[in-house]
Number of protein chains: 2
Amino acid sequence: MRTTDTLAPPITVPAGTVLFRAGQDCTGFVVVRDGVVRVTLTGESGREIVLYRVAPGDICLQTFGCLVDGTPYAAQGVAETALTIEILPPARFHALVAQDADFRARLFGAVARRFADMERLVEEVALTGIPARLARALLRLADGGAQVDVTHETLASEIGSAREVVSRQLSVWARGGLIESGRGHLGLTNPAALRQIAEAG
Amino acid sequence: MRTTDTLAPPITVPAGTVLFRAGQDCTGFVVVRDGVVRVTLTGESGREIVLYRVAPGDICLQTFGCLVDGTPYAAQGVAETALTIEILPPARFHALVAQDADFRARLFGAVARRFADMERLVEEVALTGIPARLARALLRLADGGAQVDVTHETLASEIGSAREVVSRQLSVWARGGLIESGRGHLGLTNPAALRQIAEAG
DNA sequence: CGGTTTGCGTGACCATGTCACAGACCGACT
DNA sequence: AGTCGGTCTGTGACATGGTCACGCAAACCG
């Protein structure tokens with residue numbers, strides 16, 4: 001597979017680094033080699049929502065709009081873990097698109113995934129209730145395990161809601177024995193029930 | 001500009017035709033030559049929200065995910081006006097991407113626009129109040145004019161809310177002299193005030 | 001050990017969404 | 001004209017979700 005090739009000199013950045021902010025111009029095309037980038041949107045009220053995550057081998061699409069038609073970013077990107085990334089200058093990007101079928105395939109795959117992510121997100125935010133959204137977020141973050149280390153605040157931004165709302169829902173579930181709750185971490189005592197709630201729309 | 005070239009035999013379809021539904025497989029790549037396609041998402045409750053519109057010269061991206069990684073549509077596409085479209089079979093699509101720089105530019109432009117649309121939508125649905133969303137929708141649909149022919153129901157799906165909510169907000173504005181309201185149509189009596197509300201986040 | 005920061009719980013209140021139903025308007029047909 | 005059925009709109013009552021204003025407890029740190 002060409003997809004493991006190096007396209008540009010790798011750069012490492014520590015977790016927590018802000019890669020780009022809303023309204024900023026873009027420097028180049030970002031390819032994630034290792035680590036995860038969290039892309040979020042922040043409203044005027046300060047409330048935040050996670051749009052999607054960019055995984056290794058993936059291509060960050062925020063840069064895309066910039067490069068194609070000069071629109072500045074609307075979102076913010078933060079290194080969720082330590083990262084190794086490559087940055088392609090615009091000319092190199094266009095050359096690769098024209099010449100490299102593998103690069104095109106990766107690019108289009110990334111576009112399709114981001115697009116599906118965004119549709120799912122709109123569906124959830126606009127048409128799905130808090131219990132289902134929160135249950136999905138918990139199961140997603142737990143990733144098969146029974147322990148999740150997050151604050152209510154983080155969960156709230158994950159589902160685009162407010163901390164108080166998350167706290168209330170979690171305490172209901174804790175009383176019902178679905179979860180165990182502690183400062184900064186949660187235990188999923190009854191993941192089956194959570195899955196059920198997550199399905200329910 | 002190559003963008004006015006014909007890529008495939010044009011097909012005409014009447015307004016109201018459903019081009020694709022959620023969960024369906026895709027037939028090919030749709031390029032809109034004339035008319036507007038409205039792409040919407042429908043929740044289990046039956047509530048609907050407009051994701052974006054595909055304008056002439058534009059490329060419908062719902063087909064994109066299908067062609068690239070086989071994901072079926074999540075959304076539904078309806079001909080909002082009578083349409084003239086072209087449908088590219090997958091092989092032709094891939095050939096054009098590889099060989100035609102103009103086609104690539106159009107494709108990327110469409111991707112960037114759709115992406116910006118979706119981000120705006122998430123921002124509105126998740127972080128923006130009803131008055132601002134509704135005012136924006138009105139101004140957008142009025143398109144500079146002072147008259148809009150829509151039902152409250154349609155406006156509701158435009159902003160991803162419920163008819164009653166729209167009705168209530170509109171009657172407040174009607175009492176305040178910002179709009180005049182009739183069955184199936186609205187007059188924007190004070191567009192400046194609406195613009196103000198639209199800005200307010 | 002005190003002080004500070006951060007995370008959590010909670011009640012009151014406002015904004016939105018849902019449900020149920022009534023009335024108004026419109027077109028089609030006698 | 002009348003009236004009938006369908007669509008559109010108005011409205012009250014209630015459920016859910018978001019905001020604000022707190023107080024308290026756990027972790028952190030000198």
Side-chain angles (χ1 to χ4, degrees), chain A residues 16 41-49 122-138 141 147-176 179-187 197 200-201, chain B residues 16 41-49 122-138 141 147-176 179-187 197 200-201:
Chain A
L41 211 52
T42 304
E44 310 194 355
S45 65
R47 234 167 82 204
E48 198 180 67
I49 183 168
V122 170
E123 197 267 286
E124 292 195 352
V125 171
L127 309 169
T128 308
I130 289 289
R133 277 197 271 162
L134 184 54
R136 289 179 201 177
L138 284 178
L141 292 174
Q147 190 76 10
V148 195
D149 289 326
V150 279
T151 66
H152 297 185
E153 181 70 45
T154 304
L155 280 169
S157 86
E158 205 69 37
I159 66 172
S161 178
R163 180 192 59 82
E164 296 92 320
V165 175
V166 170
S167 290
R168 279 197 278 260
Q169 184 62 63
L170 288 178
S171 62
V172 169
W173 285 344
R175 277 194 288 279
I179 63 168
E180 281 171 354
S181 151
R183 184 190 172 90
H185 57 92
L186 298 168
I197 294 169
Chain B
L41 211 52
T42 305
E44 309 193 357
S45 65
R47 237 169 79 203
E48 199 178 66
I49 182 167
V122 170
E123 198 268 291
E124 291 196 352
V125 171
L127 310 168
T128 309
I130 289 289
R133 277 197 272 163
L134 185 54
R136 289 179 200 176
L138 284 177
L141 292 173
Q147 190 75 9
V148 195
D149 289 326
V150 278
T151 65
H152 298 185
E153 181 70 44
T154 305
L155 279 171
S157 86
E158 205 69 38
I159 66 172
S161 178
R163 180 192 60 79
E164 297 92 320
V165 176
V166 170
S167 291
R168 279 197 275 261
Q169 184 63 64
L170 288 178
S171 63
V172 169
W173 285 344
R175 278 195 286 279
I179 62 168
E180 279 170 355
S181 150
R183 184 190 171 91
H185 57 91
L186 297 168
I197 294 168

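Residue numbering restarts at 1 for every chain, and letters A, B, ... go by the order of the sequence lines.
Note on A:Gly46: nothing from the nucleic acid sits closer than 4.0 angstrom, heavy atoms only.
Rounded to whole Å, atom C1' of D:dT19 lies 16 Å from atom CD of A:Glu44. Between A:Ile179 atom CD1 and C:dG9 atom P there is a gap of 9 Å when expressed in whole angstrom units. Distance CD1 (A:Ile49) to C1' (D:dG18): 14 Å, rounded to an integer number of Å. Regarding B:Arg47, its CZ atom lies at a distance of 14 Å from the C1' atom of C:dC19, rounded to whole Å. In this structure, A:Arg175 atom CZ and C:dG9 atom P are separated by 10 Å, rounded to whole Å. Note: CD (B:Glu124) to C1' (C:dT16) measures 16 Å, nearest angstrom. Protein atom CH2 of B:Trp173 is 15 Å distant from nucleotide atom P of D:dT9, rounded to whole Å. To the nearest angstrom, C1' of C:dG7 lies 16 Å from CZ of A:Arg168.
The base of C:dG9 is paired with the side chain of A:Arg163 by a donor and an acceptor separated by under 3.5 Å. Judged by distance alone with a 3.5 Å cut-off, no donor-acceptor contact links the side chain of A:Glu164 to the base of C:dC8.
Here the side chains of B:Trp173 and B:Leu186 are not in contact, with every heavy-atom distance at 4.5 Å or above. Taking 4.5 Å as the limit, some side-chain heavy atom of B:Arg133 sits within range of a side-chain heavy atom of B:Val125. You'll find the side chain of B:Ile197 stays beyond 4.5 Å of the side chain of B:Leu134, heavy atoms only. The shortest distance between side-chain heavy atoms of A:Arg163 and A:Val166 does not fall below 4.5 Å.
If you check C:dG17, D:dT11, D:dG17 against the side chain of B:Ser167, the one that comes closest is D:dT11. In the set C:dC8, D:dG17, D:dT19, the nucleotide with an atom closest to the side chain of A:Ala162 is D:dT19. Closest contact between the side chain of B:Ile130 and the listed nucleotides C:dG7, C:dG17, C:dG9 involves C:dG17.
Dashed line: the shortest gap from a side-chain N or O of B:His152 to OP1 or OP2 of D:dC8 is not under 4.0 Å. Distances shorter than 4.0 Å separate some side-chain N or O of B:Ser161 from OP1 or OP2 on C:dG17.
Shown here is B:Glu180, whose CD atom has no more than 12 heavy atoms of other residues, nucleotides or ligands within 6.0 Å.
A residue-by-residue look at B:Arg183 and A:Val150 shows that A:Val150 has its nearest nucleotide of DNA chain C further toward the 5' end.
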